[in-house]
Amino acid sequence: MYDYLIVGSGLYGAIFAHEATKRGKKCLVIEKRAHIGGNAYTEQVEGVTVHRYGPHIFHTNDTAVWEYINRFAEFNNYINAPIANYNGEIYNLPFNMNTFYKLWGTHKPEKAMEVIESQRLKTENPQNLEEQALSLVGRDIFEKLIKEYTEKQWGRKCKDLPAFIIKRLPVRFTYNNNYFNDRYQGIPIGGYTQIIEKMLQGSDVRLNTDYFSQNWDDTARKTVYTGPVDEFFAFKYGRLKYRTLRFETEVLDTGNYQGNAIVNYTSAAFPWTRIIEHKHFEYGAQPKTVITKEFSKEFETGDEPYYPVNDEKNNSVAQKYFELAAQRENVIFGGRLGEYKYYDMWQVIKNALEAAEAEFR
Ligand code: FAD
Ligand code: UDP
């Protein structure tokens, strides 16, 4: 008999297991994939740390979270500064003075503001993503850097998408290419898998094991569940919507393919949304390089549910599942899928630490 059966070996499950083990509890961690780490998993290919499920850049404003994660790995000083390729024209992201200079030749913030003001859609209440984008940054940026990228990513017209998706995208009138505004940022040198391995020391781990493939009734006193919340309740209120991705990874016989870790392809002429060149996350100088093309795809049963679609309709169905979850005293629901929230890693860490704190108080 274990104290905890932990379903999923992503960051949430691993942190909970670590905190429980530290307090003398016995944990069994089951993982349906063939490896630990969830979506933060990294592996070594040609000496390069490859982010298997999309680029993972650690960033947070929370000092406690930053200090906690730094106990498990040394972080470098990587700053995320993606670029956009629009049919061969290169622009800096997020939208900043470098982008505006390239588009319009404006080198003073006031001039750039004037251009945007002259193109802006004047509306108090944008009804969809297209209106939201046009009112934030005007037509040129919308057409070259937003429209086709967003339509590739979401498989729908910008007019048919909710405005909130684009609110995440920063706009700045400084020459600052740092994508995030957070105080702490970096990549763990050698990748994320070592972090999860250390967290799982002292727990029993079973890979290739699906929670729904057998009965676990007498396994543990309590369960920590980090899989999709709708699946736990056998889709009683219907399936929640997720967005999924397809990754194509290649090893290339060149030292440097694109000169940056992330290049977004913002035109419809390319079927992928972005190309990741993994070595640049760690300033690698290996003779070969590994790149991953990322494609967006409509979710079908059997796909990995990467992103919860937190629109009104799905959030209200999720709420009904949360009410059922609250009645399950012996199950803790956590993580991106268990809570159906578009969390970054720091939020998952914070929530897992809070759950452990509440449990062991
Ligand atoms: P997960 O990592 O999803 O782990 C859940 C685990 O549970 C998985 O391993 C899954 O296989 C397992 N599982 C599910 N169901 C079962 C079952 N029935 N039985 C057994 N096991 C099961 N965050 C950042 O901070 N910065 C970034 O740059 C960033 N980029 C991202 C890019 C992409 C493409 C994606 C998808 C996410 C990104 N994130 C990023 C978010 C980050 O991945 C998550 O916040 C974090 O990994 C979530 O951890 P988790 O433990 O909640 O979930
Ligand atoms: N976006 C865009 N052009 C870009 C990058 C992003 O139009 O080059 C839009 C797109 O609609 C995307 C949203 O901004 O869904 C948020 O992008 P971000 O990369 O911040 O987050 P993601 O959802 O991809 O994790």
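In this chain, numbering begins with 1 at the start of the sequence shown.
- Without hydrogens or angle criteria, T123 side chain to N125 main chain gives a donor-acceptor distance under 3.5 Å.
- One hydrophobic cluster, built from ILVMFWY side chains closer than 4.5 Å, holds both L134 and Y86.
- Smallest separation of non-hydrogen atoms from H59 and D182: ND1-OD2, 2.7 Å.
- Between Y237 and Y321, a ring centre-to-centre spacing shorter than 6.0 Å is recorded.
- No more than 12 heavy-atom neighbours from other residues, nucleotides or ligands sit within 6.0 angstrom of CD on E312.
- For K157, the NZ atom is loosely surrounded, since the number of other residues' heavy atoms within 6.0 Å does not exceed 12.
- Using modelled atom types and a 3.5 Å distance limit, the side chains of N85 and Q258 yield no donor-acceptor pair.
- Around NZ of K313, the count of heavy atoms belonging to other residues, nucleotides or ligands within 6.0 Å does not exceed 12.
- G334 and E339 get closest at one heavy-atom pair: CA-OE2, 3.4 Å.
- The cationic group of K102 lies under 6.0 Å from the six-membered ring centre of Y91 and within 45° of the ring axis, placing it in a cation-pi geometry.
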side-chain contact (heavy atoms from CB on, under 4.5 Å) between I15 and Y68, worked out = CA-CA 10 Å; I15 288 173; Y68 184 85; 3.8 Å; yes
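- Residues L200 and V7 do not share a hydrophobic cluster, clusters being chains of Ile/Leu/Val/Met/Phe/Trp/Tyr side chains in contact below 4.5 Å.
- A donor and an acceptor atom, one from each side chain of T292 and E248, are nowhere located under 3.5 Å apart.
- In this structure a side-chain-to-backbone donor-acceptor pair under 3.5 Å is missing from Q132 to N128.
- A distance-only check finds a donor-acceptor pair linking the side chain of Q347 to the backbone of D344 [under 3.5 Å].
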F360 vs K22, side-chain contact (heavy atoms from CB on, under 4.5 Å): CA-CA, chis, key distance, verdict | CA-CA 11 Å; F360 302 118; K22 247 178 26 190; over 6 Å; no
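- Defined by atom type and a distance below 3.5 Å, a donor-acceptor pair is present between the side-chain atoms of N181 and R172.
- Below 30°, between 30° and 60°, or above 60°: for F212 and Y225 the angle between ring planes is above 60°, a perpendicular geometry.
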ring-ring contact (aromatic ring centres under 6.0 Å, His included) between F333 and F233, worked out | CA-CA 12 Å; F333 291 83; F233 295 107; 5.7 Å; yes
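- Paired with Y307 under the rule ring pair (Phe, Tyr, Trp, His ring centres under 6.0 Å), one option of Y242, Y342, W154 passes, and it is Y342.
- In the hydrophobic cluster analysis, where Ile, Leu, Val, Met, Phe, Trp and Tyr join through side-chain heavy atoms closer than 4.5 angstrom, L161 is grouped together with L136.
- Formation of a donor-acceptor pair under 3.5 Å by the T150 side chain with backbone atoms of E148 is not found in this model.
- R336 places a side-chain N or O within 3.5 Å of a backbone atom of Y343 that can act as its donor or acceptor partner.
- Taking the charged nitrogens against the carboxylate oxygens, K293 and E250 do have a contact shorter than 4.0 Å, which makes a salt bridge.
- Looking at heavy atoms from C-beta onward, K152 lies out of side-chain contact with S296 at the 4.5 angstrom threshold.
- Judged purely by atom type and a 3.5 angstrom limit, N80 has no side-chain atom pairing as donor or acceptor with the backbone of Y179.
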Starting from the C-alpha separation in whole Å, work towards a yes-or-no answer on salt bridge (Lys or Arg N to Asp or Glu O under 4.0 Å) for R71 and E67.
-> CA-CA 7 Å; R71 289 191 221 153; E67 285 173 356; over 6 Å; no
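- Classification of the Y192-F75 ring pair by plane angle, with boundaries at 30° and 60°, yields perpendicular.
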Which is it for E304 and K297 under the salt bridge (Lys or Arg N to Asp or Glu O under 4.0 Å) test, yes or no, and what are the steps along the way?
-> CA-CA 11 Å; E304 283 295 338; K297 146 176 202 315; over 6 Å; no
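- Aromatic ring centroids of F173 and F100 lie under 6.0 Å apart.
- Within 6.0 Å of NZ in K341 there are more than 12 heavy atoms belonging to other residues, nucleotides or ligands.
- Checked by atom type, the side-chain pair Q153/T273 shows no donor-acceptor distance below 3.5 Å.
- For N96 and N176, the side-chain atoms include no donor-acceptor pair closer than 3.5 Å.
- Contact of the I146 side chain with the F95 side chain is registered, since non-hydrogen atoms from C-beta on lie closer than 4.5 Å.
- For N260 (side chain) and A81 (main-chain N/O), a donor-acceptor pair under 3.5 Å exists by modelled atom type.
- Using a 30° and 60° split on the angle between ring planes, F270 and W272 fall in the tilted class, from 30° to 60°.
- No side-chain donor-acceptor contact under 3.5 Å links E43 to the backbone of T193.
- Minimum heavy-atom separation, N310 to Y340: ND2-O, 2.9 Å.
- Here the closest heavy-atom approach between residue H278 and residue T49 is recorded as CB-O, 3.4 Å.
- The hydrophobic clustering, which links ILVMFWY residues whose side-chain heavy atoms are closer than 4.5 Å, places Y306 and I276 apart.
- Counted by atom type alone, Y4 and E359 present one or more donor-acceptor pairs between their side chains at under 3.5 Å.
- No side-chain donor-acceptor contact under 3.5 Å links Y184 and N70.
- Between the side chain of R23 and the main chain of E19, a donor-acceptor pair closer than 3.5 Å is present.
- No more than 12 heavy atoms of other residues, nucleotides or ligands sit less than 6.0 Å from atom OH of Y101.
- For the residue pair N76/Y283, the side-chain donor-acceptor check at 3.5 Å is not satisfied.
- In terms of heavy atoms, T266 sits closest to A84 at CG2-CB, 3.8 Å.
- Although no hydrogens or angles enter the test, the distance criterion places no donor-acceptor pair under 3.5 Å between the side chain of R274 and the main chain of V263.
- By the 30° and 60° cut-offs, the orientation of the rings of F247 relative to Y53 is perpendicular.
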Please step through side-chain contact (heavy atoms from CB on, under 4.5 Å) for the pair E282 and I187, ending with a clear verdict.
-> CA-CA 7 Å; E282 293 189 44; I187 296 283; 4.1 Å; yes
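- Closest heavy-atom contact between T99 and P94: OG1-O, 3.6 Å.
- Using a 4.5 Å cut-off between side-chain heavy atoms of Ile, Leu, Val, Met, Phe, Trp and Tyr, with links allowed through other members, V224 and M345 fall into the same hydrophobic cluster.
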side-chain contact (heavy atoms from CB on, under 4.5 Å) assessment of I262 paired with I57 | CA-CA 11 Å; I262 303 182; I57 298 125; 3.9 Å; yes
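- Cation-pi geometry between R246 and F295 is met: under 6.0 angstrom from the ring centre, within 45 degrees of the axis.
- The environment of K279 atom NZ is dense: over 12 non-hydrogen atoms of other residues, nucleotides or ligands sit within 6.0 angstrom.
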